[in-house]
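Naming: A, B, ... by sequence-line order, numbering from 1 per chain.
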2 protein chains.
Amino acid sequence: MSTEDKFDALFKALGHRARRRILDLIKDGPQTTGTLCATLTDLDRCTVMQHLSVLEKAGLVVVERRGRERWNHLDALPIHDVQNRWIGPYAAQAITMLGDLERLGKTDASLVKADDNSET
Amino acid sequence: MSTEDKFDALFKALGHRARRRILDLIKDGPQTTGTLCATLTDLDRCTVMQHLSVLEKAGLVVVERRGRERWNHLDALPIHDVQNRWIGPYAAQAITMLGDLERLGKTDASLVKADDNSET
DNA sequence: TTGACATGTTATTCTTTTATAACATGATTG
DNA sequence: CAATCATGTTATAAAAGAATAACATGTCAA
């Protein structure tokens, strides 16, 4: 797999809220598939497993098998690579082109403030 | 659009290499759609425009219309939000769970070194 | 004002994802 | 060892994404 393939897999894995939710759930410690399914009541068990497999292919989840249980561990290292190649450099860029965009009437001072769910 | 919708749009926009290529192309200054198409010879003009519209909806591209030209500007501010909500916190996590994963035999010391295109 | 040019729009096709169902396996516990 | 439980596998339908074609619009420059 090329580096570009890896970034494809990573961004795509992060591109679904259910998968981001899973990451948040295992952030503070691994969980079994069963526990995850019990939490994600809006999703079918099969759907959760499919999402886990997408996360696993992206390298964000590492599986540890214990008896008949499957413990899903977070591996945040790939996110480090995203940081180095994409986020860091572009975050820097965000500053240098501020004036440029303001001239275009884009006054949006960035979007995330709180976790509001009510806008357009 | 909720915050989650915005992250969906952002990660999905970043999840295609053609769009990441476009971002890199306009990183150091805006380009017209025509110029971009001339560079991205492997893509149809319509495809490039579709990608631009995905980037625009994600807030990563801001359009300035000048006569019959369309200048595509990069707006890296949304990436800032990705950094704050996802990358930063998870990059921190990457350190605390290192030992945990090493016990699972995951020795992969992160993936991106150079832009090799030859592995599995 | 007319022809060339840069871009836009709509529709269509093909592929990939997402969600679910039905069935299968392998471990645990009484 | 037999029933139960946690997880896996395969197949299928619905939805979303990607690539292209054909046609449309608005601008510039002679």
TODO: Let me have a per-nucleotide readout for nucleotides 20-30 of chain C, 5' to 3', with B, S or -, counting only protein heavy atoms under 4.0 Å.
DONE: BBB---BBS--

Presence of salt bridge, [Y] and [X], under 4.0 angstrom:
| X | Y | result |
| --- | --- | --- |
| B:Lys6 | B:Asp81 | no |
| B:Glu4 | B:Arg85 | no |
| A:Lys57 | A:Asp5 | no |

Using atom [atom1] of [X] as one end and atom [atom2] of [N] as the other, report the distance to the nearest whole Å.
| X | N | atom1 | atom2 | answer |
| --- | --- | --- | --- | --- |
| A:Trp71 | D:dG8 | CH2 | P | 14 Å |
| B:Arg70 | D:dG26 | CZ | P | 16 Å |
| A:Met49 | C:dT17 | CE | P | 18 Å |
| A:Leu52 | D:dT7 | CG | P | 10 Å |
| B:Lys12 | D:dA18 | NZ | C1' | 14 Å |
| A:Asn72 | D:dA6 | CG | P | 15 Å |
| A:Glu69 | D:dG8 | CD | C1' | 15 Å |
| A:Arg21 | C:dT18 | CZ | P | 16 Å |

Open item on the list: A cation-pi test, strictly: NZ or CZ of A:Lys12 under 6.0 Å from the centre of the six-membered ring of B:Phe11 and no more than 45 degrees from its axis. Yes or no?
Closed with: no

- [ ] Find out whether the Lys NZ or Arg CZ of A:Arg66 is both under 6.0 angstrom from the six-membered ring centre of A:Trp71 and within 45° of the ring's axis.
- [x] yes

Open item on the list: Any side-chain N or O of B:His51 below 4.0 angstrom from OP1/OP2 of D:dG17?
Closed with: no

Open item on the list: Taking only side-chain N and O atoms of B:Arg65, does any of them lie within less than 4.0 angstrom of OP1 or OP2 on C:dT7?
Closed with: no

Task: Listed nucleotide nearest any side-chain atom of A:His16, set C:dT18, D:dA6, D:dT9 - done: C:dT18

TODO: On the 0 to 90° scale, with breaks at 30° and 60°, tag the B:His16-B:His51 ring pair as parallel, tilted or perpendicular.
DONE: tilted

Open item on the list: Using side-chain heavy atoms (C-beta onward) and a distance below 4.5 Å, is B:Leu23 in contact with B:Leu14?
Closed with: yes

TODO: Using a 4.5 Å cut-off on heavy atoms from C-beta on, say whether the side chain of B:Glu64 contacts that of B:Glu69.
DONE: no

Check residues 36-50 of chain B and write down every donor-acceptor pair under 3.5 Å in which the side-chain atom is one partner and the other belongs to a residue at least two apart or another chain.
from, atom 1, to, atom 2, distance (Å)
B:Thr39, OG1, B:Thr35, O, 3.0
B:Asp42, OD1, B:Arg21, NH1, 3.4
B:Asp42, OD2, B:Arg21, NH1, 3.4
B:Asp44, OD2, B:Cys46, N, 2.9

Task: Overall bend - the helix from C:dT1-D:dA30 to C:dG30-D:dC1, comparing terminal axes fitted on five pairs, nearest 10 degrees - done: 30°

